[in-house]
Number of protein chains: 2
Amino acid sequence: MIYTKNGKTYHCPVEAALDVIGGKWKPLILWALGDDVMRFSELQKMIPGVNTKMLTKQLRELEADGVLTRTVYPEVPPRVEYAITDFGKTLLPIMEALCAWGAQYLGIDDAAVSRCPTKAGKGKA
Amino acid sequence: MIYTKNGKTYHCPVEAALDVIGGKWKPLILWALGDDVMRFSELQKMIPGVNTKMLTKQLRELEADGVLTRTVYPEVPPRVEYAITDFGKTLLPIMEALCAWGAQYLGIDDAAVSRCPTKAGKGKA
DNA sequence: CGGTATCCGAATTGATACTG
DNA sequence: CAGTATCAATTCGGATACCG
């Protein structure tokens, strides 16, 4: 069986799921938006090392996949807010599982894991 | 927090997990080896479109990550068998979750999903 | 503030041919 | 049978500069 969406072809739904969350900065974006609505500049601060082009690209892809929403407020200076959708929230338990597995793989104590680098200390799970 | 393994750097354990299962053919390989031990040529038959170079590369990476084992039998003609490890088996429930989410994303009935293309009809889950 | 546009190097994937 | 080697094509990721 072959699956298709948005002109892309998958041999297995797992591939499709990985295509949605597999971008370089997407896990970090999803962790960040899991709790809060955030502005572009806030995301950029929470994700060290990302540049505007890549952050924009990954946000637009997640938006196109129905995982998050982008709301533009017609003000000066402009304000744009990103929020996770209900559908996007269904990814969070899977991310938790991936996080736990990844911690095992890395040989670290899962309880010591701060999922999002800039959210350490906010408490886990 | 920054995590390191094999010279690679991750900002989050999720990235590490995705690095392990995120290769283009890896989900298919893992489904295939989830049930059975298989030879190289069997895998190649089960995964349409892959060429020997890519299949070799992805298998070696999964082996290096401790997800599967590679056993060479010193016979003529040569025989090489690949099998999932106990650690690799811990990925399978996560793959199931990714598969279910991917089916939702693709807008198809999860019950209709055959996880591995060439294993359709063997029964699901 | 929240982006685009351009250019570029690095990494990934693939087709094809050959080998112990 | 189970790969390697080589080369080509594509995609991805990033630095920098500019714009409404």
Side-chain angles (χ1 to χ4, degrees), chain A residues 6-12 15-16 18-29 32-33 36-65 68-83, chain B residues 2 5-12 15-16 18-29 32-33 36-65 68-83:
Chain A
N6 301 135
K8 290 182 174 185
T9 298
Y10 307 104
H11 302 92
C12 164
E15 288 177 352
L18 291 175
D19 207 26
V20 173
I21 64 173
K24 178 155 184 190
W25 307 100
K26 288 180 185 178
L28 263 16
I29 292 172
L33 294 180
D36 305 295
V37 171
M38 288 215 276
R39 303 178 58 163
F40 187 88
S41 54
E42 291 179 300
L43 284 167
Q44 204 160 13
K45 265 170 246 158
M46 295 206 35
I47 305 175
V50 73
N51 61 34
T52 62
K53 177 185 142 188
M54 283 311 297
L55 184 53
T56 302
K57 182 163 174 274
Q58 308 253 307
L59 285 168
R60 294 292 156 85
E61 287 173 2
L62 289 170
E63 185 193 5
D65 285 329
L68 55 81
T69 58
R70 175 175 180 266
T71 309
V72 182
Y73 296 89
E75 308 169 352
V76 179
R79 180 161 59 103
V80 178
E81 285 187 348
Y82 295 89
Chain B
I2 301 254
K5 177 141 185 169
N6 301 135
K8 291 184 173 185
T9 299
Y10 307 104
H11 303 91
C12 164
E15 288 177 352
L18 291 175
D19 208 24
V20 174
I21 65 172
K24 178 155 183 192
W25 308 98
K26 289 181 184 179
L28 263 16
I29 292 171
L33 293 180
D36 305 295
V37 171
M38 286 214 276
R39 303 178 58 162
F40 187 87
S41 55
E42 292 178 302
L43 284 167
Q44 204 160 12
K45 265 171 246 157
M46 295 209 31
I47 305 175
V50 73
N51 61 33
T52 63
K53 177 185 143 189
M54 283 312 297
L55 184 55
T56 302
K57 182 166 176 272
Q58 308 252 307
L59 285 168
R60 296 290 157 85
E61 287 173 2
L62 289 169
E63 185 193 5
D65 284 329
L68 56 82
T69 58
R70 175 174 180 268
T71 310
V72 182
Y73 295 89
E75 307 170 353
V76 178
R79 179 161 59 103
V80 179
E81 286 188 347
Y82 294 89

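Residue numbers begin at 1 in each chain, while the letters A, B, ... track the order of the sequences. What's counted below: heavy atoms across the whole structure, side chains too, no hydrogens, waters or symmetry copies.
- When every heavy atom of B/K24 is checked against every heavy atom of A/E15, the shortest pair comes out as O-OE2, 3.6 Å.
- When all heavy atoms of A/P78 and A/R39 are compared, the pair lying nearest together is O-NH2, 3.6 Å.
- The shortest distance between side-chain heavy atoms of B/L59 and B/W25 does not fall below 4.5 Å.
- Atom NZ in B/K45 sits about 14 Å away from atom P in D/dG3, given to the nearest Å.
- Each of B/L68, B/V50, B/I21 was checked for a side chain to side chain contact (heavy atoms under 4.5 Å, CB included) with B/I29, and the lone residue meeting it is B/L68.
- In the set D/dG13, D/dA2, C/dC1, D/dG13 carries the atom at the smallest distance from any side-chain atom of A/K57.
- With distances taken from any side-chain atom of A/T56 to the nucleotides D/dT4, C/dG3, D/dA2, the minimum falls on C/dG3.
- Looking at heavy atoms from C-beta onward, A/D19 lies out of side-chain contact with A/D65 at the 4.5 angstrom threshold.
- Side-chain nitrogen and oxygen atoms of A/R39 include at least one within less than 4.0 Å of the OP1 or OP2 phosphate oxygen of C/dG2.
- Spacing between atom CG of A/L59 and atom C1' of C/dC1 amounts to 14 Å, rounded to whole angstrom units.
- Contact annotation: the side chain of B/L28 never approaches that of B/M46 to less than 4.5 Å [non-hydrogen atoms, C-beta and beyond].
- Atom CG of B/L18 is separated from atom P of C/dT12 by 15 Å (rounded to the nearest Å).
- Side-chain proximity of A/R70 to the nucleotides C/dG3, D/dG3, D/dA2 is greatest for C/dG3.
- Look at CD on B/E15: it is 17 Å from P on D/dC12, rounded to the nearest Å.
- In this entry the distance linking CE of A/M46 with P of C/dG2 reads 15 Å, nearest Å.
- B/L55 places its CG atom 16 Å from the C1' atom of C/dT12, with the value rounded to the nearest Å.
- Taking 4.0 angstrom as the limit, A/R60 places a side-chain polar atom (N or O) nearer than this to OP1 or OP2 of C/dT4.
- At D/dC1, none of the side-chain N or O atoms of B/S41 fall inside 4.0 Å of OP1 or OP2 (strictly under the cut-off).
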Sequence-aligned protein contact record of nucleotides 14-20 of chain C, with B where the base is within under 4.0 Å of a protein heavy atom and S where only the sugar-phosphate is
BB----B
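- Rounded to an integer number of Å, the gap from B/L43 CG to D/dG3 C1' is 13 Å.
- Taking atom CZ of residue B/F40 and atom C1' of nucleotide D/dC1, one finds them 9 Å apart after rounding to whole Å.
- At least one side-chain heavy atom of B/H11 sits less than 4.5 Å from a side-chain heavy atom of B/I2.
- When heavy atoms are screened at a 4.0 angstrom cut-off, B/Y82 is found touching the sugar-phosphate backbone but no base atom.
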